[in-house]
Amino acid sequence: MTHQLQATVVTHGGAGGSRDQDDGCVFAARTGLDRLTGGGSALDAAVAAVVALEDDGRYNAGSGSVLCLDGRTVEMDAAVMDSQGALGAVACLQRVKNPVLVAQAVAGTPHWLLAGEGAERFARTAGFEIHHEISERQRAKHARLMATLGGREPATPGIANRAFKDYWNYDTPPAFTPCDTVGAVVRDGAGNFAVACSTGGPAPSLLGRVGDTPIIGSGFYAGADGAVAITGIGEHIVRHLLAYTVYGWIAGGMAIGEAVRRGVGLLPQEIDVGIIAVDRTGAAMHSNREMPCAEERA
């Protein structure tokens, strides 16, 4: 006999963000919950929540994605997965408004991950219009980044600023912020789970950089025992297969709160990382930095 569970949506706006932005996460969680209670699937709810975060403009995803080092390119990653077999992701996607919707569309193809030019061509084929708007907020953030790269303080922990100039791979010559993501995890009343994530990537980064967000088991994972979404510096997260590691602990019976705290503890304190998760018993969120987040239940 199947017991009805409490429908739950948890969202985050990125490790290293501000709790002053919790309101956007609350709105996104409620948007996802409305989709769920209105008859949508757990995956529909997760995607709806992430679309709301992409459209907000304050988070590094969708409309708020950071500019690449050349000051004009925006590369975005996104992924979706649920406990019923759906899996889709995009990497280095340009000129779309909501990359998470493209990732959801990829889940209906013979593939699970499309990247770069192929991902953008697929987006057009799937009916997503060209969208490339650069806000003054993004331009100001890029100017601050370039100023930082011209100084001695590393813009990315553990990486010398000189490395980005030495390996420059943009069409324009070098002219000499933090990495964050948005995500949602969902449990519906029938015990199905889903996760959706989206990011504009880190700043600074080389053209074509892919982090943890579209990599299954690293930035996201969903299965019969729960769903996990990760935020932080992808180059460190992927080395731990962090989403799947945390999911494995939950599936093995570890309390969900302990699992997310233990997952954050795997990375050095100087590396931004945050985790949200749901299982059959509840939900949890934890970060070693400020992380805007919210939880809504029905």
Side-chain angles (χ1 to χ4, degrees), residues 9 11-14 17 21 23-25 27-32 34-35 40 43-68 70-81 86 88-109 113-142 177 179-184 194-203 205 207-211 213-214 219-220 229 231 292:
V9 179
T11 57
H12 76 76
Q21 298 173 355
D23 61 304
C25 293
F27 175 77
R30 290 176 179 170
T31 298
D34 287 346
R35 184 73 180 89
L43 183 59
D44 291 336
V47 169
V50 169
V51 165
L53 293 166
E54 288 178 336
D55 288 346
D56 185 285
R58 292 177 294 173
Y59 310 109
N60 181 17
S63 298
S65 295
V66 298
L67 285 167
C68 292
D70 63 351
R72 65 186 187 188
T73 304
V74 176
E75 290 191 317
M76 300 169 287
D77 303 336
V80 302
M81 185 178 186
V90 290
C92 299
L93 177 62
Q94 298 185 29
R95 303 193 306 166
V96 299
K97 183 180 181 183
N98 295 109
V100 73
L101 292 177
V102 184
Q104 186 180 28
V106 170
T109 75
L113 172 63
L114 294 177
E117 182 182 353
E120 185 174 345
R121 289 190 180 191
F122 169 77
R124 306 298 167 236
T125 300
F128 296 96
E129 297 181 355
I130 293 175
H131 180 87
H132 184 71
E133 295 181 4
I134 300 174
S135 69
E136 289 305 312
R137 175 178 172 272
Q138 290 169 324
R139 295 186 190 279
K141 193 172 185 179
H142 180 262
T177 98
C179 171
D180 48 34
T181 313
V182 302
V195 57
C197 303
S198 182
T199 183
S205 65
L207 186 67
R209 178 265 187 189
V210 178
T213 298
F220 68 99
T231 171

> With sequence neighbours excluded, what pairs up with Asp44 under the salt bridge (charged side-chain N to carboxylate O under 4.0 Å, His left out) test?
Replying inline: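 By the salt bridge (charged side-chain N to carboxylate O under 4.0 Å, His left out) rule, Asp44 matches Arg35.
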
> Among all residues two or more places apart in sequence or in another chain, which pass the salt bridge (charged side-chain N to carboxylate O under 4.0 Å, His left out) test with Asp34?
Replying inline: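 Salt bridge (charged side-chain N to carboxylate O under 4.0 Å, His left out) check on Asp34 returns nothing, list empty.
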
Should [X] and [Y] count as side-chain neighbours, where that means a heavy-atom distance under 4.5 Å?
| X | Y | result |
| --- | --- | --- |
| Ser198 | Thr213 | no |
| His131 | Asn98 | no |
| Lys97 | Phe128 | no |
| Val106 | Leu113 | no |

> Pick one: which of Leu207, Leu114, Val210 meets side chain to side chain contact (heavy atoms under 4.5 Å, CB included) with Cys92?
Replying inline: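 For Cys92, the side chain to side chain contact (heavy atoms under 4.5 Å, CB included) check succeeds only for Val210.
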
> Can you list every pair that meets salt bridge (Lys or Arg N to Asp or Glu O under 4.0 Å) and has a residue in residues 47-56, with sequence neighbours left out?
Replying inline: Asp56-Arg58

> Near Phe122 CZ, under 6.0 Å, is it more than 12 heavy atoms from other residues, nucleotides or ligands?
Replying inline: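 More than 12 heavy atoms, drawn from other residues, nucleotides or ligands, come within 6.0 Å of this atom.
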
How close do [X] and [Y] get, counting heavy atoms only, and between which atoms?
| X | Y | answer |
| --- | --- | --- |
| Gly219 | Cys197 | O-SG, 3.9 Å |
| Pro214 | Ala91 | CG-CB, 4.1 Å |
| Gly14 | Pro292 | O-CD, 3.4 Å |
| Val80 | Val47 | CG1-CG2, 3.8 Å |

>> Working note: Arg95 + Arg124, criterion side chain to side chain contact (heavy atoms under 4.5 Å, CB included); need CA distance, chi angles, decisive distance, verdict.
In response: CA-CA 10 Å; Arg95 303 193 306 166; Arg124 306 298 167 236; 3.4 Å; yes

> What do the steps show when you test Leu93 against Val102 for side chain to side chain contact (heavy atoms under 4.5 Å, CB included), and what is the final call?
Replying inline: CA-CA 9 Å; Leu93 177 62; Val102 184; 4.0 Å; yes

> Please walk me through it: do Leu67 and Arg72 pass side chain to side chain contact (heavy atoms under 4.5 Å, CB included)?
Replying inline: CA-CA 6 Å; Leu67 285 167; Arg72 65 186 187 188; 5.5 Å; no

>> Using the rule given for side chain to side chain contact (heavy atoms under 4.5 Å, CB included), can you reason through Val90 versus Asp77, listing the C-alpha separation, both sets of side-chain angles and the distance that settles it, and then say yes or no?
In response: CA-CA 5 Å; Val90 290; Asp77 303 336; 5.8 Å; no

>> Looking at Thr181, is its backbone amide N or carbonyl O close enough to the side chain of Asn60 to form a donor-acceptor pair, meaning the two atoms are under 3.5 Å apart?
In response: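 Checking the backbone N and O of Thr181 against the side chain of Asn60, no donor-acceptor pair under 3.5 Å is found.
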
> Could you give the distance from CE (Met76) to CD (Glu120), rounded to the nearest 0.5 Å?
Replying inline: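 It comes to 8.5 Å.
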
